[in-house]
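To find a chain, count down the sequence lines: A is the first, B the second, and so on, and within it residues start at 1.
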Amino acid sequence: MTPEEREELLAAHALGTLSAPDAADADALIRADPTANAQFRAYREIADLIALSVPLRQADPALRERVLAAARRGRRWQPRLSSRHAPVYVLAAALAVVTIWAATLQSSLVQLKHQTASLSAVVESDAKRLDRLAGATSGVQEARMLSLQLNSALKDEQSVQRVQADPKAIATNLDQTSASHGAGGQYLSSEAVGASVLVLHDLPMLPLGGAYRVWLEDPLSQLTLAASFVPDSSMGARVALQRDTRLESVKVYVVATSRADDPAATGPVVLMAKLPKRASTP
Amino acid sequence: MAALALGDIVALELLYDRYSTLVFSVSLRVLRDPQLAEDVVQEVFLRLWRQPISYDPTRGRFISWLMSVTRNRSLDELRRVTRRMRSEDVEDDEPGHEIAAVGHLDDPQAELMVAEARAAVRAAMTRLPPAQRRVIELAYFGGLTHVEIAERTGDPLGTVKTRVRLGMRKLRESLAEYSSWETDRGFR
């Protein structure tokens with residue numbers, strides 16, 4: 001291929017005028033040759049600028065309010081929750097059921113107290129017993145939740161240590177973004193352990209009540225919440241990510257969120273990485 | 001973008017005020033239909049609102065990404081409605097009257113930089129020989145391939161390829177100083 005033919009191919013690819021087979025050839029050239037890659041990027045920037053040559057036209061002023069109203073109505077980015085978070089939500093739901101049950105009974109008892117004065121003593125006695133019962137039930141649930149959280153933390157710590165000890169673990173440096181402010185880290189993936197670990201340092205401070213979230217993107221661009229964490233006192237963290245066997249993750253994002261208690265809250269991407277393909281499993 | 005990612009509707013308002021005219025104008029240039037172009041504007045900004053993570057700052061400037069998303073979405077819509085009677089007639093035949101400024105901007109310096117970049121791009125396009133300019137516009141705004149452009153213009157395929165190459169090279173030379181412009185400061 002002559003330099004002119006090569007330039008022709010790359011300029012046309014940047015403009016999007018190639019047929020599918022020619023575009024595939026151009027992509028292969030761009031991947032294989034850094035000079036071609038740089039030349040393509042330069043042409044791509046020029047192609048992007050062409051949009052600015054349009055004569056400006058004013059859209060219907062009412063469109064602004066339609067867009068904003070749709071944004072206010074619409075759901076924000078709703079990630080799927082991974083299965084490892086399910087037990088906490090199941091417990092929370094169970095706790096809510098118990099609370100509602102107790103509240104309903106309390107309400108019924110109050111009503112009875114008004115209706116029959118002679119039964120008030122009995123009712124009050126029952127109410128106290130119910131309070132104790134609800135309190136005890138709540139205590140058991142909390143203890144179970146704490147136990148689950150401790151077990152999960154212990155399992156995560158074991159995963160972190162095993163992945164970090166695996167000499168064959170593959171390390172991928174995380175890319176910084178404009179929100180990184182000096183943060184950095186690595187994504188370690190261990191085939192042997194079947195888990196991955198994020199080792200992070202110098203994370204930006206979070207607002208009160210905030211948390212970091214780790215999102216994994218699969219080849220179908222679906223995002224899955226893989227972990228939530230709060231950095232340690234030196235603004236570092238080691239986060240274990242259990243492997244999702246359904247689809248291989250192709251990207252990882254570390255996102256700062258201002259509301260730890262809201263699973264749907266999003267925030268700026270602080271670190272991210274394109275993940276290497278893992279070895280095929282038999 | 002960070003404020004947008006945190007769910008701040010004011011950030012969306014700001015982005016809309018800053019870029020909606022440009023997004024609408026690009027979409028209108030492709031689609032030649034104000035209603036369809038408005039649909040694209042709505043989709044582009046709602047996508048930004050619902051999936052702010054879809055913009056990856058490490059891959060380039062925000063406005064480049066926004067223009068690329070707008071163009072692609074508009075071309076998808078164009079193909080969907082199979083209106084193939086656009087794009088060969090250049091410039092001022094879109095509905096409505098041309099306006100002077102991109103939008104109501106909160107940042108006069110950003111507005112000035114956008115205006116300067118627009119003026120430079122339009123001047124560079126105007127300086128191209130008409131045949132080169134036409135093939136580039138057919139490709140960019142019409143989404144046509146080399147072969148489709150050749151069919152449309154009646155020119156030999158080789159001529160079309162050469163015109164694209166020469167036109168792009170001239171644009172690259174003319175716009176060297178703008179290829180790394182920073183109109184999106186504060187939005188990355």
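Using a 4.5 Å cut-off between heavy atoms, B:Arg172 touches chain A through backbone and side chain atoms alike. Heavy-atom distances place both the backbone and the side chain of B:Val26 under 4.5 Å from chain A. At a 4.5 Å heavy-atom cutoff, the contact between B:Thr162 and chain A is made by backbone and side-chain atoms alike. Proximity to chain A is absent for every atom of B:Leu166, based on heavy atoms less than 4.5 angstrom apart. In this structure, the portions of A:Glu4 lying under 4.5 Å from any heavy atom of chain B include both its backbone and its side chain.
The candidate with the highest count of non-hydrogen atom pairs below 4.5 Å against chain A, out of B:Arg165, B:Arg169, B:Met67, is B:Arg165. Contact count versus chain B (heavy atoms, under 4.5 Å) is highest, among A:Arg44, A:Glu7, A:Arg64, for A:Arg64. Each of B:Val41, B:Leu46, B:Val23 has some count of heavy-atom pairs under 4.5 Å with chain A, and the biggest count is that of B:Leu46. Per-residue counts of heavy-atom pairs under 4.5 Å with chain B were compared for A:Leu18, A:Asp60, A:Leu15; the largest is that of A:Leu15.
A tilted orientation is assigned to the rings of B:Phe45 and B:Tyr16, their planes being inclined by 30° to 60°.
The two residues B:Met168 and B:Ile136 make their nearest non-hydrogen contact at N-CD1, 3.7 Å.
B:Leu138 has its side chain within reach of B:Thr153: a pair of non-hydrogen atoms, C-beta onward, lies under 4.5 Å apart. Using a 4.5 Å cut-off on side-chain heavy atoms (C-beta onward), B:His146 and A:Asp22 make no contact.
Put simply, the side chain of A:Gln58 never gets that close to the backbone of B:Thr21: no donor and acceptor are under 3.5 Å apart. Remark: side-chain polar atoms of B:Arg118 are paired, donor with acceptor, to backbone N or O of A:Leu52 under 3.5 angstrom.
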* To do: Decide salt bridge (charged side-chain N to carboxylate O under 4.0 Å, His left out) for B:Arg152 and B:Glu148; before the verdict, give the C-alpha distance in whole Å, the side-chain angles of both, and the deciding distance to 0.1 Å.
  => CA-CA 6 Å; B:Arg152 175 72 58 92; B:Glu148 289 169 326; over 6 Å; no
